[in-house]
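Labels below follow one simple rule: chain letters A, B, ... track the order of the sequence lines, proteins then strands, and each chain is numbered from 1.
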Number of protein chains: 2
Amino acid sequence: MKMNEGVEWAMHSCVNLSWLPGEAVTAKRLAAFYDLPTAYLNKQLQALTRAGILSSTSGPKGGFQLARDPRNITLLDILTAIDGADDAFRCTQILKAGPGADPKADYREVCLVSQAMRAAELNYRRELAGQTIADIVTRVEAQSPAAPENTRTWFANLKS
Amino acid sequence: MKMNEGVEWAMHSCVNLSWLPGEAVTAKRLAAFYDLPTAYLNKQLQALTRAGILSSTSGPKGGFQLARDPRNITLLDILTAIDGADDAFRCTQILKAGPGADPKADYREVCLVSQAMRAAELNYRRELAGQTIADIVTRVEAQSPAAPENTRTWFANLKS
DNA sequence: GCCTCGCTACTCGGATATGAGGTGTCCGAGTTTTCCCGG
DNA sequence: CCGGGAAAACTCGGACACCTCATATCCGAGTAGCGAGGC
């Protein structure tokens, strides 16, 4: 059970983008900030764009920016965009192959093992849905108040 | 983020084994119950054995059985045995590559994105740790009281 | 001098390689049973 | 008839292929800006 590594990149990139509102930031610059492979980060940003989290513009002066208010972007939104919406636990309804099974029953609902696993995972997703990028940003600023300004000047001074 | 399919098999097999206490059940018979690939299920049962959840005996009349009371086997135990103990979210500490980073800091602890993800995952694991095989068995018996006896007779009548 | 057209440079976007890990299989180690032989 | 030993059968255990998906990369589509040429 390994989560896509791009989830971490996407979340940090969204935090950085929230400090650069209204500005189109290229994938290359976002990648340079954390020394990440540009093309691969670009792929993740594309996924965020498809999910409606970012908006993108092509050409010179192009790049990515947040498509909506950070208070309206949850960690679950990002996770789902990058890693897919499927549950980690996959109920294959093996009870259907067992003796005395009801072919018409949906064992994803009936099976109690499935219920327990899905309930736990649902809480997990619910907890991530309750945390927004704005929440993270607020906490980061409380921890290191200079972070927003430092980030802005870093991106402003970046030459290449 | 896909969980190992064997987790489902292992949990159902543990439920079945809890209805056959003190009896060594072979991997072949457990696999036949749900029409699963024998050798691959055997691999999963080996993992449960290494984790101390099952005990195994070789030779004729050999097989697997629960190594301890079902009330003392949590769903998290099984998940960890099959799928590994690593967290799904892997904090690679990308902040360390960013500007103004402290090389000595452990960003798995400091980074607020990492904190949020790990906290959610910790709750997930905690919830699974609070559910035992005995709990599942109790609920199954409440849902279909004939299940234990049916399972026992099925295993008793299995020829091959 | 100013407008327009075309070219260039730069960006995103998706199609394409590569590698690790989950999935599936096979053969050897070990143990119990059973059968045969000797007493 | 009884006991012992060897062989056979059956099981787990780990080592070995295969195949899917995450990882990584590259080239084409599209657009904004710039410059040259004409009015």
So, the side chain of B/Asp83 versus the backbone of A/Met1: is there a donor-acceptor pair under 3.5 Å, distance only?
-> yes

Rounding to a whole Å, what distance do you find between B/Asp86:CG and C/dA20:P?
-> 17 Å

Specify the residues of residues 87-96 of chain A, ordered by number, for which at least one heavy atom lies under 4.0 angstrom from an atom of DNA chain D.
-> none

Mind telling me whether A/Tyr34 and A/His12 have parallel, tilted or perpendicular rings, with 30° and 60° as the class edges?
-> perpendicular

Using a 4.0 Å heavy-atom cut-off across all strands, classify A/Ala27 as base, sugar-phosphate, or nothing.
-> sugar-phosphate

All pairs passing salt bridge (Lys or Arg N to Asp or Glu O under 4.0 Å) where residues 139-152 of chain A contributes a residue, at least two apart = A/Glu149-A/Arg152

Calculate the interatomic distance between B/Asn4 atom CG and D/dC21 atom P; express it in whole Å.
-> 14 Å

Toward the 5' end of DNA chain C, which comes first, A/Gly63 or B/Met3, by nearest nucleotide?
-> A/Gly63

A/Phe64 CZ to C/dC10 C1', straight-line distance once rounded to whole Å | 13 Å

Roughly how many Å is it from CZ in B/Arg29 to C1' in D/dT11, rounded to a whole number?
-> 12 Å

By side chain to side chain donor-acceptor pair (under 3.5 Å) - contacts of B/Thr92 (at least two apart) = A/Glu8

Can you run down the side chain to side chain donor-acceptor pair (under 3.5 Å) pairs that involve residues 48-58 of chain B, sequence neighbours left out, and say none if there aren't any?
-> none

Apply salt bridge (Lys or Arg N to Asp or Glu O under 4.0 Å) to B/Asp135 and list each qualifying residue two or more places apart in sequence or on a separate chain.
-> none

Mind listing the N/O atom pairs, protein and nucleotides 29-34 of chain D, below 3.5 Å?
from	atom 1	to	atom 2	distance (Å)
D/dG30	N2	A/Gly59	N	3.3

With sequence neighbours excluded, what pairs up with B/Glu23 under the side chain to side chain donor-acceptor pair (under 3.5 Å) test?
-> B/Arg29

Nearest-Å distance for atom pair CD/C1', residues B/Gln46 and D/dA15 = 11 Å

Separation of B/Met1 atom CE from C/dG22 atom P, in whole Å?
-> 15 Å

Set of residues satisfying ring pair (Phe, Tyr, Trp, His ring centres under 6.0 Å) with respect to A/Trp9, sequence neighbours excluded | A/Tyr40

Donor-acceptor under 3.5 Å (A/Arg108 side chain, A/Arg90 main chain) = no

A/Gln44 side chain to A/Gly6 main-chain N or O, any donor-acceptor pair under 3.5 Å?
-> no

List the atom pairs, donor and acceptor, that lie under 3.5 Å between side-chain atoms in residues 65-82 of chain B and the rest of the protein, sequence neighbours left out.
from	atom 1	to	atom 2	distance (Å)
B/Arg68	NE	B/Asn72	O	2.9
B/Arg68	NH1	B/Gly52	O	3.1
B/Arg68	NH2	B/Asn72	O	3.4
B/Arg68	NH2	B/Asp77	OD2	3.2
B/Asp69	OD1	B/Arg71	N	2.7
B/Asp69	OD1	B/Arg71	NE	3.1
B/Asp69	OD2	B/Arg71	NH2	3.2
B/Thr74	OG1	B/Leu76	N	3.4
B/Thr74	OG1	B/Asp77	N	3.0
B/Thr74	OG1	B/Asp77	OD1	3.3
B/Thr74	OG1	B/Asp77	OD2	3.1
B/Asp77	OD2	B/Thr74	N	3.0
B/Thr80	OG1	B/Leu76	O	2.9

Distance-only, no hydrogens or angles: does the B/Tyr107 side chain make a donor-acceptor pair with backbone N or O of B/Asp102 under 3.5 Å?
-> yes

Quick one: which protein N/O atoms are closer than 3.5 Å to N/O atoms of nucleotides 24-26 of chain C? Pair and distance per line, please.
from	atom 1	to	atom 2	distance (Å)
C/dG24	O6	B/Lys43	NZ	3.1

Listed partners of B/Glu121 passing side-chain contact (heavy atoms from CB on, under 4.5 Å), at least two apart = A/Tyr124, B/Asp87, B/Ala88, B/Phe89, B/Arg125

When you measure from every atom of DNA chain D, which of residues 49-56 of chain B have a heavy atom less than 4.0 Å away?
-> B/Arg50, B/Ser56

May I have the distance from A/Gln44 (atom CD) to C/dG14 (atom C1'), rounded to whole angstrom?
-> 14 Å

In whole angstrom, what separates A/Leu36's CG from D/dA24's P?
-> 10 Å

Indicate, with yes or no, if B/Ile136 and A/Val110 share a hydrophobic cluster defined by side-chain heavy-atom contacts under 4.5 Å among Ile, Leu, Val, Met, Phe, Trp and Tyr.
-> yes

